[in-house]
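Any value given below was found using the heavy atoms of this structure, including those in side chains, with hydrogens, waters and symmetry copies removed. Reminder, nothing fancy here: chain letters follow the sequence lines and each chain counts from 1. Everything numeric in this text was worked out from a predicted model, so none of it was measured.
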Protein chains: 4
Amino acid sequence: MADSSEEIRREVALIVGGGPGVSASCARLFSQEGMRVAVAARNPDKTVLQKLASDYGIRCYACDAQDPASVAKLFGDVTDDLGPPKLVAHNIDGRMADIFRKKITDADPDRVIDVLRNSAFSAFLVGQQAARSMLAGDSPEDGHRGTIIFTNASAAFKGYPLSGAFAMSSHAKSGLAQSMARELMPQGIHVAHVPIDAAIGWTQEDGTRSHRLAGTTVDDNMADPGHIAETYLHLHRQHRSTWTFEAILRPWVENW
Amino acid sequence: MADSSEEIRREVALIVGGGPGVSASCARLFSQEGMRVAVAARNPDKTVLQKLASDYGIRCYACDAQDPASVAKLFGDVTDDLGPPKLVAHNIDGRMADIFRKKITDADPDRVIDVLRNSAFSAFLVGQQAARSMLAGDSPEDGHRGTIIFTNASAAFKGYPLSGAFAMSSHAKSGLAQSMARELMPQGIHVAHVPIDAAIGWTQEDGTRSHRLAGTTVDDNMADPGHIAETYLHLHRQHRSTWTFEAILRPWVENW
Amino acid sequence: MADSSEEIRREVALIVGGGPGVSASCARLFSQEGMRVAVAARNPDKTVLQKLASDYGIRCYACDAQDPASVAKLFGDVTDDLGPPKLVAHNIDGRMADIFRKKITDADPDRVIDVLRNSAFSAFLVGQQAARSMLAGDSPEDGHRGTIIFTNASAAFKGYPLSGAFAMSSHAKSGLAQSMARELMPQGIHVAHVPIDAAIGWTQEDGTRSHRLAGTTVDDNMADPGHIAETYLHLHRQHRSTWTFEAILRPWVENW
Amino acid sequence: MADSSEEIRREVALIVGGGPGVSASCARLFSQEGMRVAVAARNPDKTVLQKLASDYGIRCYACDAQDPASVAKLFGDVTDDLGPPKLVAHNIDGRMADIFRKKITDADPDRVIDVLRNSAFSAFLVGQQAARSMLAGDSPEDGHRGTIIFTNASAAFKGYPLSGAFAMSSHAKSGLAQSMARELMPQGIHVAHVPIDAAIGWTQEDGTRSHRLAGTTVDDNMADPGHIAETYLHLHRQHRSTWTFEAILRPWVENW
């Protein structure tokens with residue numbers, strides 16, 4: 001339950017995916033901008049989330065994003081605790097280490113379904129609940145009911161070799177975003193698709209930047225999630241007369 | 001078991017999906033062109049397939065294309081019966097009546113997974129078995145080990161409103177085809193993606209054309225599967241110095 | 001000549017195209033954000049520009065943007081007067097009334113060349129001078145030498161019927177932007193392509209909004225150039241680890 | 001003047017561009033298929049064309065394809081000599097050696113205009129005359145008035161660095177083809193766009209294959225124009241219920 005009428009007026013942001021990169025950076029920036037922020041993760045006890053909670057008062061929720069009931073419960077809980085989310089970001093991209101650099105002839109069918117469930121189907125579940133929540137109630141004066149952002153990878157628009165399952169899930173998420181944008185924009189919901197055409201590095205406690213590949217030097221040849229969050233904020237604040245559906249983000253040195 | 005050395009030299013085509021449109025037309029044309037043809041369908045007893053069997057000697061197989069074991073068995077059986085397939089077409093597009101014209105907020109999550117399994121995941125399974133079969137053994141003199149064709153819909157490149165699940169599965173199939181093309185073409189396998197941007201009508205016994213929407217008048221404003229089959233044959237026969245990855249087929253009057 | 005060391009540190013923006021929509025809105029916003037702003041137009045004496053000059057101190061320059069010498073002179077003059085431009089926007093889209101709704105069989109070849117010169121070739125000339133200017137001198141500490149923005153239309157990615165010349169010039173500008181982005185981003189220049197998939201309306205003196213089609217009611221079903229300018233500013237301020245090459249802007253109600 | 005009623009019924013093909021690759025191969029194949037073939041080139045006296053004339057009876061015409069009057073005269077002469085063309089291919093891609101590997105800052109503006117005129121504008125002129133000719137007279141029984149094919153390069157869909165002018169002209173030609181397809185297909189004209197994503201090699205008198213880069217070994221890692229011609233013929237013969245607008249051709253080993 002929101003604590004006071006003042007609090008109720010603060011926008012609520014819900015970030016699905018609890019990684020130390022895009023999700024943590026979005027949580028920090030949105031909080032600094034005055035939003036009430038919720039982060040949902042499979043395991044909300046990890047250090048990065050605990051620190052977001054203690055430093056910024058961000059609420060962390062356990063959620064299995066590929067389970068319909070778990071996602072429905074998440075939206076209910078966040079609405080009860082903070083209010084209905086105005087900005088929802090789905091940051092799960094299905095980039096699982098063991099599905100890369102694997103020949104199509106060697107891929108494990110069970111893992112292919114896992115990847116589809118983890119990335120594309122969870123995006124559908126989150127998008128569906130977000131749409132239901134945003135369409136409920138009266139339209140605000142400016143006609144902007146809310147923003148749904150789907151984080152994706154360059155596999156969203158190019159199917160690379162040796163990663164068929166990832167190409168499938170990334171393309172599927174792109175198709176979902178497009179379909180939802182065409183359906184929901186005329187109803188006042190800004191649906192945005194953000195393929196990040198780069199590895200993502202993040203800044204650690206000690207100020208150095210890190211990356212999931214141990215030993216990789218991280219500088220601005222990798223996408224900085226702090227700056228990704230700035231673009232998400234810009235997308236959320238665009239006026240509905242000039243919405244951007246898709247913004248591909250890539251570092252200056254990326255070969256494309 | 002192939003009957004004679006002569007028979008062995010005839011190309012084998014395997015068509016997955018047993019509809020009266022693209023699959024039946026491909027089966028007829030490929031057979032007329034001298035190929036040994038197999039058609040796999042969930043229910044191989046339907047009239048259209050029985051007629052292909054009696055009129056053209058086409059072999060029909062029962063297969064649940066979203067089940068890994070069933071697809072593996074299909075390729076084993078076809079290879080035993082006719083020889084290894086040189087041309088494989090996956091014609092299941094996941095266009096299920098009950099997922100269309102449905103708001104994203106009303107979609108049933110269980111059906112979304114069904115659609116992904118039925119169209120995109122079955123395409124993966126068929127593509128994987130086809131690649132394994134084609135890569136086995138020596139490369140032929142002309143370096144062309146085989147052709148894999150994925151039939152798709154216009155939702156492969158455009159996510160329409162009110163059909164999010166279909167957009168997901170069609171995009172996923174497109175991503176799979178791209179990834180497989182980039183991986184397998186340099187190994188001598190022509191992977192082709194054919195989105196059909198139209199309703200498909202087919203010719204009935206009595207010479208009139210029919211369509212799954214009862215009462216629709218069918219003429220050449222609908223894609224004619226006999227002509228679709230001609231393009232599939234052309235793709236299969238292209239020289240590897242000039243392969244087409246994607247051919248979108250649409251009727252002259254289509255608005256796009 | 002820049003007046004003082006303080007002034008020299010202010011960023012310089014150069015806007016090519018002197019219309020009352022995107023160009024005027026960019027000029028106002030960039031000026032309000034502390035930049036020194038130059039606007040180049042074929043006829044710098046028109047009212048909208050005179051008002052920008054008197055209200056905001058914006059410098060207006062006469063330039064025939066399809067003439068190499070005139071564009072070279074423009075960059076020289078702006079650099080002398082205000083300093084080298086850090087942000088350059090080319091806002092000429094070649095949308096000439098008399099080339100629309102014209103059958104390909106009726107198009108006047110001379111007008112086709114005019115359109116190519118007016119939109120695509122002028123974009124090349126402006127982009128070339130901008131690149132030369134930005135690449136001169138030392139790289140700044142953050143590695144961002146400047147931003148070049150090409151305003152375009154939806155014909156950049158879709159060739160509509162009855163407007164072949166416009167499709168050609170818009171596509172050409174898109175190809176130029178892509179080529180320049182791949183070439184110049186690794187050298188620290190952010191090249192951005194902004195197709196606006198909408199009619200553009202603008203706010204008049206009296207607060208009502210106007211549009212080049214007399215009598216059209218303008219509300220937020222038309223792209224508001226004030227908000228377009230905000231996205232241009234965001235693009236200019238993106239960190240180079242996460243540059244957006246292309247942002248298509250369209251109103252919430254646009255059919256696409 | 002066509003010689004007899006029999007002759008009049010033979011289809012007429014007009015190929016604009018007189019190179020030894022795609023144009024010569026199309027001329028040979030179309031002639032072998034029974035068409036009456038005309039080839040237009042800036043200089044019709046070159047050896048390759050003289051040989052087409054003597055070996056196949058192909059008519060060669062002098063034409064400056066970027067001059068409106070010259071293109072109009074070409075269509076008039078071909079119609080008088082052979083009959084109205086049913087299949088027109090524009091094979092000029094503007095790939096001029098001196099515009100490649102040139103920095104955007106070093107490009108000569110005069111050459112940029114040359115490239116636009118040579119490739120994109122000539123495509124417009126040829127397409128316009130072809131459309132006028134095909135739309136004249138009654139529609140044939142099958143509703144297919146004719147086919148217009150635009151040969152293009154991979155720069156049609158990707159703007160590569162160091163070749164801005166080529167990106168502009170290739171994109172422009174793509175935009176033109178799209179616009180004409182949407183306008184003319186419903187009138188019975190099949191407009192097709194064929195980007196060739198490869199270097200093109202051709203077979204010489206002695207059976208070896210050649211290429212414009214002296215000393216390059218040519219085998220099937222280069223697009224073989226004989227096989228390109230086969231795809232053009234297939235496009236021309238597609239039934240109008242299933243036309244392909246775009247076919248990208250690339251060798252099996254191409255990296256894309």
Any idea which heavy atoms bring Val12(D) and Pro84(D) closest together, and the distance? CB-O, 3.7 Å
Closest approach of Ala131(D) and Ile148(D), non-hydrogen atoms and distance? N-CD1, 4.1 Å
Below 4.5 Å, heavy-atom pairs only: which of Ala247(D), Gly143(D), Ala181(D), Pro186(D) has the largest tally toward chain B? Pro186(D)
Does Arg250(B) count as lying over the ring of Trp256(B), i.e. NZ or CZ under 6.0 Å from the six-ring centre, within 45 degrees of the axis? yes
Which one wins on heavy-atom pair count under 4.5 Å against chain D: Met185(B), Arg240(B), Glu230(B)? Arg240(B)
Closest contact, heavy atoms only, Ala192(B) versus Leu235(B): CB-CD1, 4.1 Å
Out of Arg237(D), Gln238(D), His144(D), which one racks up the most heavy-atom pairs below 4.5 Å with chain B? Gln238(D)
Can you tell which of Asn255(D), Val253(D), Leu249(D), Thr242(D) has the highest number of heavy-atom pairs within less than 4.5 Å of chain B? Thr242(D)
For the pair Phe150(D) and His90(D), name the ring-plane relationship: parallel under 30°, tilted 30 to 60°, perpendicular over 60°. tilted
Go through the atoms of Ile228(D) and report whether side chain, backbone, both or neither lie under 4.5 Å from a heavy atom of chain B. both
As an exercise: rank Val194(D), Ile189(D), Leu184(D), Thr231(D) by heavy-atom pairs under 4.5 Å with chain B and give me the winner. Thr231(D)
